[in-house]
Each structure stands twice: as structure tokens, then as C-alpha cells.
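Report on the structure given below.
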Amino acid sequence: MAPSAISPAQQHAQLAFASKKVNEAAAVVDDRASGLSKPLTDMMGQWDNFSFAPIRESTVSRAMTRRYFADLDTHAETDIVIVGAGSCGLSAAYTLGKLRPDLRITLIEAGVAPGGGAWLGGQLFSAMVMRKPADVFLREVGVPFEDEGDYVVVKHAALFTSTVLARVLAMDNVKMFNATTVEDLITRPAEDGSQGVRIAGVVTNWTLVSMHHDDQSCMDPNTVNAPVVISTTGHDGPFGAFSVKRLVSMKQLEQLGGMRGLDMQLAEDAIVKNTREIVPGLIVGGMELSEIDGANRMGPTFGAMALSGVKAAEEALRVFDL
Ligand code: 48N
């Protein structure tokens, strides 16, 4: 057999591509064929005379702190807050940012790393499964996937999460404050004079501070005023299911609904269909919603997270535009 004109690696790549029905339409494509840019290749091999432009340490500090505190100042008044930058919160942020570039969107994430549970498919497996029609969202954002009929597979969950995250962070009307925890809700008396409340924003603290309220003197929080809050803080856990647990403790909800066992068929439809305004000004989506409704969990399939985020954005705009 004549020696192949292409390298084994190229052969592997060609075979892999051919075997996968990868939907690359408008997706983040593998553009290695174009090679590295000339300015970068010109730099390679020339390291002996290499040096960076001069800098003073205070310049770096000011470049960071000036922007951070200007953002905090700007976002102290926000149009829509999203609590939790997991797959649902990121999908909601993308949808809102795209639909309403005129609105100021603030995304608050307790972890240093946003993404929640969407960095892996299930257990420690890489691939992420989404049932159709969630492929519509993947095409919208530009995430390549393999089409398997009734479902699609993103080859690595991090490809979904990093692509949506990149799109959201590139939007100039969306600001993410990560390593920042929502540790309470701002409320106003309900307009109907009942014992109810309207949510009017969130109370935040740096997550490291929130983790040490018990062993440090009281460290008061910061606030963000907003007429609409979307909460997508995931399963009940140390920080999770935050807003629904807070509604119970402030007696706006009787009790949590007790999430039921895993049933993919029931769970995903329910989460998307029931993403809604729970109390005036607060929309809940994603797995946090299962903690109120007692819906089934769906396990390692993420279509409901993406489309619950889309629905949460739609609900938020309905409330905002009232
Ligand atoms: O990924 P999660 O936990 O939540 P969702 O709803 O975006 O996605 C859920 C999904 O990952 C699943 O659990 C899958 C589908 N499995 C289902 C099943 O059956 O088990 O993201 C929530 C994000 C995280 O990044 C948290 O760090 C963050 O919210 N967060 C908060 N951020 C700010 N303030 C808080 N109080 C807070 N609590 C959680």
C-alpha cells in the first residue's frame, strides 16, 4: 500500500470528521487548517531578544479595580439580575442579551468558575447529551454537535459551556460578577396589600465572605436593585436552590416540593414548561425549579437547562415590560 500523502494525525482527523454527522453550521469550527497568524509565527524562535512593553504594578491594579468598581457602580441599578451562571442561567443571559441589548443584565455567580454542572456530561464523562429540539439553541449559539436522531451530542460539555459563556461575556450589556454570592433578596410589600412581597433585587457578598459569616464578625453585604430577578441556582446544596429556600424562610412559600426521582421523559418537559414567575418579580428556572415543584430530575441530559433559560428570559421580559 503506497505511503499515504497525509500524516497519521491528518488521517485520524479526516476519518473522525467523516464518521461524525457533525453540524458545523455557524458553529465554532476547528480552524487549525488556517495555521497560526504571521505575527505569532514571527515571534516564535526569536525569544533571546524578547521582552514585554514596560509596566508599573499600580497600572495593572488600576486597570482592574477602575473597571470592577465602575461596573459595580453601574450595575447597582440593573434591569434584570440572573442568579447562577450554570447552563440555565447562561442560556437565559444569552437570550436576554441577544433579544434586548438595551437592557442592563447582571449575572451573579457564586463560583470563581461559572458553568455549574455543565462542564461534564454525566458522572465524569465528557460528552453532553441534549434531546431535540434543544439542538435549535446549539445552532443559535454556534456549538457543533453530532446528530443522533432524537438527540444530539456535544463532544465535550465544556465546548457547550465555554461557547455560551464566551458569547455572553462578549455582550456589552451583560456583566458577570463571579465569586460573588447572592445571600438574600431585596423585597417590597406586594402592591395588593397582602402579606406577599415583590422581589426588587438581590443582596450580594463575595463568596469567600459569605462562607465565613459564622467565624468572622458580621460582614455586611452589597446590593443590586432590579425590578426582575431570574434565579437558576440549581439543586439544593450549600448555596444552591437559594431563592426558593429563601422564599420558604420568609414564609412566601409553604415548603420546598421535594424533587422526585430521575425520569428524563417527565422531567425535561416539566422544567421547561413550568419555568415561571414564582412571586412577583422572581422567575425560577433550571434545577432550582424542581426544588419547588417537586418535579422529577432528569440526570445527565441538558436540553431542558438550555430551553428553561430561554423560557426564563421570555418570562423576565414579560414581567419587565408590564
Ligand atoms: O448547573 P447548576 O447547578 O444549575 P442549572 O439549573 O443551571 O443546571 C442544572 C444541571 O447542571 C443539572 O443539575 C443536570 C441537568 N442534572 C440534573 C439532575 O437530574 O441531577 O448551576 C447553578 C449555578 C452554579 O454555578 C452555582 O455556583 C450558582 O448557580 N449558585 C449561585 N450563584 C450565586 N448566588 C447563589 N446563592 C448561588 N447558588 C448557586
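Start at 1 and go down the list; that is how both ligands and their atoms are numbered. Worth saying up front: this structure is predicted, and the values here are computed from it rather than measured.
- Less than 4.0 angstrom separates some heavy atom of Thr232 from each of these atoms of ligand 1: 22 (C), 23 (C), 29 (O).
- The protein heavy-atom contact nearest to atom 37 (C) of ligand 1 is Thr233 CG2, 3.7 Å.
- A ring-centre distance under 6.0 Å is found for Tyr68 and Phe177.
- Nearest protein neighbour of atom 4 (O) of ligand 1, counting heavy atoms only, is Gly234 CA, 3.4 Å.
- Of the polar atoms of Thr301, none of the N or O atoms is found under 3.5 Å from an N or O of ligand 1, judged by distance alone.
- Checked by distance only, ligand 1 and Val182 come closer than 3.5 Å through their nitrogen or oxygen atoms.
- Interface of Ile108 with ligand 1, defined as ligand atoms under 4.0 Å from a residue heavy atom, comprises 32 (N), 33 (C).
- Set against the non-hydrogen atoms of Thr181, the atoms of ligand 1 under 4.0 Å away are 34 (N), 36 (N).
- Remark: the Thr59 side chain and the Arg62 side chain contain no N/O donor-acceptor pair separated by less than 3.5 Å.
- Figure legend: cation-pi geometry between Lys98 and Tyr94 absent, as NZ or CZ is not positioned both under 6.0 Å from the six-membered ring centre and within 45° of its axis.
- Taking every non-hydrogen atom of Phe242 and a distance limit under 4.0 Å, the qualifying atoms of ligand 1 come out as 36 (N).
- In the hydrophobic cluster analysis, where Ile, Leu, Val, Met, Phe, Trp and Tyr join through side-chain heavy atoms closer than 4.5 angstrom, Val284 is grouped apart from Val203.
- With Asp293 contributing its side chain and Ala295 its backbone, the two residues share no donor-acceptor pair below 3.5 Å.
- Per-residue contacts place Val83 under 4.0 angstrom from the following atoms of ligand 1 (heavy atoms of the residue considered): 33 (C), 34 (N).
- Between the side chain of Thr232 and the backbone N or O of Val83, at least one donor-acceptor pair lies under 3.5 Å.
- Taking only nitrogen or oxygen atoms, main chain and side chain alike, Ser87 reaches within less than 3.5 Å of ligand 1.
- In this structure, of Glu109, Met128, Met305, Met298, the residue bringing a heavy atom nearest to atom 23 (C) of ligand 1 is Glu109.
- If you check which protein heavy atom lies closest to atom 31 (C) of ligand 1, you get Ala110 CB, 3.7 Å.
- In this model, no donor atom of one side chain and acceptor atom of the other lie less than 3.5 Å apart for His235 and Glu288.
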Check your understanding: Could you walk me through whether Arg100 and Asp321 pass the salt bridge (charged side-chain N to carboxylate O under 4.0 Å, His left out) check?
Key -> CA-CA 11 Å; Arg100 293 294 295 270; Asp321 291 336; 3.1 Å; yes

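- In terms of polar-atom proximity, Gly299 is counted as a contact of ligand 1, with an N or O under 3.5 Å from an N or O of the ligand.
- In summary, the atoms of ligand 1 found under 4.0 Å from a heavy atom of Gly286, numbered by their order in the structure, are 6 (O).
- When only modelled atom types and interatomic distance are considered, Thr207 and Thr181 share a side-chain donor-acceptor pair under 3.5 Å.
- With hydrogens and angles left out, the side-chain atoms of Glu315 and Thr275 include no donor and acceptor closer than 3.5 Å.
- Residue contacts with ligand 1: Cys88 is placed with a nitrogen or oxygen under 3.5 Å of a nitrogen or oxygen of the ligand (distance criterion only).
- Residue contacts with ligand 1: Ala118 is placed with no nitrogen or oxygen under 3.5 Å of a nitrogen or oxygen of the ligand (distance criterion only).
- Looking at Arg297 next to ligand 1, an N or O pair under 3.5 Å apart turns up.
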